[in-house]
Amino acid sequence: MSVARSKASARPEAPTRPKASARSKPSVAALLTALLLVLLAAGCTSGGGSEPESRSSSPSSTAPDAKVLAVKIDNVAPARPQTGLERADIVYVEQVEAGLSRLLAVYSSELPPVIGPVRSARETDLELLRQFDRPVLAFSGAQSRLLPAIDRAPLDAVPPSAAPRAYFRGPERPAPHNLYLRPERIPYAASGTEAVEALGLRFGPAPPGGSAEESRTVRFPSARTTFTWSAERERWLVSMDGSPARTSEGGRLGAATVIVQDVTVRPSAFGDRSGNNTPFTETVGSGTAHVLRDGKAYEARWARPSADADTAFTTPDGERIDLASGPLWIVYAPR
């Protein structure tokens, strides 16, 4: 793995009342009951609450107890541009067979109507997702030897066999790059809170210091991801394998914060049909990282003592590093 960077030179509908008989007047008790129902209905629609699908501008402190939806997404050229990726709270970039990359998109604050293309799960995903409180995992399938491990994992697995009405094949692309998910058809509802809180992270001001940075590239053996700072958009614009990463509507994909996390990537006991070994990314342990936000890069440390623990990101002095408000991308860079 190599990481290249370029430094900048200088930022319920209310119930209807039964009609009173024309020959009798309603009792006082009935009138009081009806008045109470009207008041309760008004309280529910007075604007104090928000719809589950809407993004919360002030994340709830109960977010660590909320479920998230994680979707395994294809990331080779025939799969781009992806659909619904721009509305993910967190996007993980992982190395898979033949040195290629694949994405794990995590949703909680809101859901797009369609997400994809959806691909198969990997062993790495099972350890990574234990940081969340029993997440829902949507994926196209997995090799037979991995399925028992998925069944034992503390997550709710929703492949096409478990929710066939939730998936469909798009006509514009060949299989396997054309499987899409309609998340409204699986047993999951967006919490309206940000998924980063489920990891013990929070939004806040940048730490002191840092160095101005224009772009950073993380390379896998057969893939590369580049983040270029746009002061105008206040986002790190994403490029994949040298081409701008776009949404299915044509807009640029961007991140408010990028974490390049240096990890050990080793061979696993699994492989694909072509004989390529499936790499396993170790997300339990500790090491170095770089946090990119607000046009700057910050040296950092990461630590996750066990699979049930959250990953903490701190300055070299041990101070917590907060995130810029917006999407978070985490790239697992082989060290």
Side-chain angles (χ1 to χ4, degrees), residues 69-88 91-107 111-126 128-129 135-151 153 155-188 220-225 238-250 253 268 270-281:
L69 168 64
V71 185
K72 201 61 187 280
I73 296 183
D74 204 348
N75 194 37
V76 293
R80 303 173 191 149
Q82 294 92 345
T83 299
L85 191 59
E86 70 278 8
R87 293 169 70 176
V91 177
Y92 293 93
V93 184
E94 312 167 7
Q95 182 177 323
V96 293
E97 298 85 0
L100 297 169
S101 64
R102 193 162 287 184
L103 310 177
L104 185 67
V106 180
Y107 301 83
L111 288 177
V114 176
I115 302 172
V118 181
R119 290 302 301 270
S120 53
R122 294 295 185 271
E123 185 184 15
T124 293
D125 305 323
L126 306 185
L128 187 167
L129 288 172
V136 175
L137 174 61
F139 58 104
S140 65
Q143 57 176 269
S144 58
R145 291 198 300 124
L146 184 60
L147 292 176
I150 295 176
D151 291 340
L155 54 80
D156 295 327
V158 188
S161 59
R165 293 183 62 253
Y167 292 87
F168 69 95
R169 292 279 180 185
E172 300 85 5
R173 297 173 181 175
H177 312 294
N178 63 347
L179 183 66
Y180 293 86
L181 171 70
R182 293 187 178 98
E184 64 179 8
R185 297 187 179 183
I186 63 173
Y188 175 80
F220 294 167
S222 302
R224 68 184 189 274
T225 308
V238 185
S239 294
M240 300 288 189
D241 302 327
S243 298
R246 299 190 180 277
T247 70
S248 55
E249 289 78 24
L253 285 174
S268 75
F270 302 93
D272 65 14
R273 295 177 179 178
S274 300
N276 297 304
N277 184 266
T278 301
F280 179 80
T281 298

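Positions are given from 1, in the same order as the sequence printed here. Any value given below was found using the heavy atoms of this structure, including those in side chains, with hydrogens, waters and symmetry copies removed.
For the residue pair P183 and P113, the shortest heavy atom distance occurs at CD-O, 3.3 Å. Of all the heavy atoms in P279 and Q95, the pair that sits closest is CG-O, 3.5 Å. Contact detail for L155 and I150: the closest heavy-atom pair is CD1-O, 4.3 Å. The shortest heavy-atom contact between S222 and A98 is OG-O, 2.8 Å. Closest non-hydrogen pair, R246 versus P81, comes out as O-CB, 3.2 Å. Looking at every heavy atom in both residues, A138 comes nearest to V118 through O-CG1, 4.2 Å.
Proximity of a side-chain donor or acceptor of T247 to a complementary backbone N or O of E249 within less than 3.5 Å is detected. T83 places no side-chain N or O within donor-acceptor distance of the main-chain N or O of S248, the cut-off being under 3.5 Å.
Taking the side-chain contact (heavy atoms from CB on, under 4.5 Å) definition, one finds that S268 meets it with E123, F270, N277, T278, F280, sequence neighbours left out. Applying the side-chain contact (heavy atoms from CB on, under 4.5 Å) criterion to E172, with sequence neighbours excluded, gives no partner residue. In this view, T281 and T124, V263, V265, T283, Y332 satisfy the side-chain contact (heavy atoms from CB on, under 4.5 Å) rule, not counting sequence neighbours. With sequence neighbours excluded, the residues satisfying salt bridge (charged side-chain N to carboxylate O under 4.0 Å, His left out) with R119 are D74.
Ionic pairing of K72 and E94 is present here: one or more N-O contacts between side-chain nitrogen and carboxylate oxygen are shorter than 4.0 angstrom.
For Q82 and N75, the side-chain atoms include at least one donor-acceptor pair closer than 3.5 Å.
Residues V93 and F220 are in side-chain contact: their nearest non-hydrogen atoms beyond the backbone lie under 4.5 Å apart. Counting only heavy atoms from C-beta outward, the side chains of Q143 and S120 never approach each other to under 4.5 Å. Between E86 and P112 the shortest side-chain heavy-atom distance does not fall below 4.5 Å. At a threshold of 4.5 Å between non-hydrogen side-chain atoms, the residues V91 and L253 do not count as touching.
The distance from atom CG of L179 to atom CD1 of I73, rounded to the nearest 0.5 Å, is 11.5 Å. With values rounded to the nearest 0.5 angstrom, N276 atom CG is found 8.5 Å from L100 atom CG.
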Just list the side-chain donor-acceptor pairs under 3.5 Å for residues 156-166, sequence neighbours left out, or say none.
unit_1: D156; atom_1: OD1; unit_2: R134; atom_2: NE; d: 2.8
unit_1: D156; atom_1: OD1; unit_2: R134; atom_2: NH2; d: 3.3
unit_1: D156; atom_1: OD2; unit_2: K67; atom_2: NZ; d: 2.8

| task | Could you give me the CA-CA distance, side-chain angles and deciding distance for I115 and Y107, then say whether side chain to side chain contact (heavy atoms under 4.5 Å, CB included) is met? | result | CA-CA 10 Å; I115 302 172; Y107 301 83; 3.5 Å; yes

| request: Start with the C-alpha distance between V96 and D272, add both sets of side-chain angles, then the distance that settles side chain to side chain contact (heavy atoms under 4.5 Å, CB included), and finish with yes or no. | output: CA-CA 10 Å; V96 293; D272 65 14; over 6 Å; no

| request: Test E97 against R273 for side chain to side chain contact (heavy atoms under 4.5 Å, CB included), laying out the working first. | output: CA-CA 10 Å; E97 298 85 0; R273 295 177 179 178; over 6 Å; no

| field | Worked check of side chain to side chain contact (heavy atoms under 4.5 Å, CB included) between R80 and D241 | value | CA-CA 11 Å; R80 303 173 191 149; D241 302 327; 2.9 Å; yes

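Screening residues 162-184 for ring pair (Phe, Tyr, Trp, His ring centres under 6.0 Å) gives F168-Y180 as the qualifying pairs, with residues at least two apart or on separate chains.
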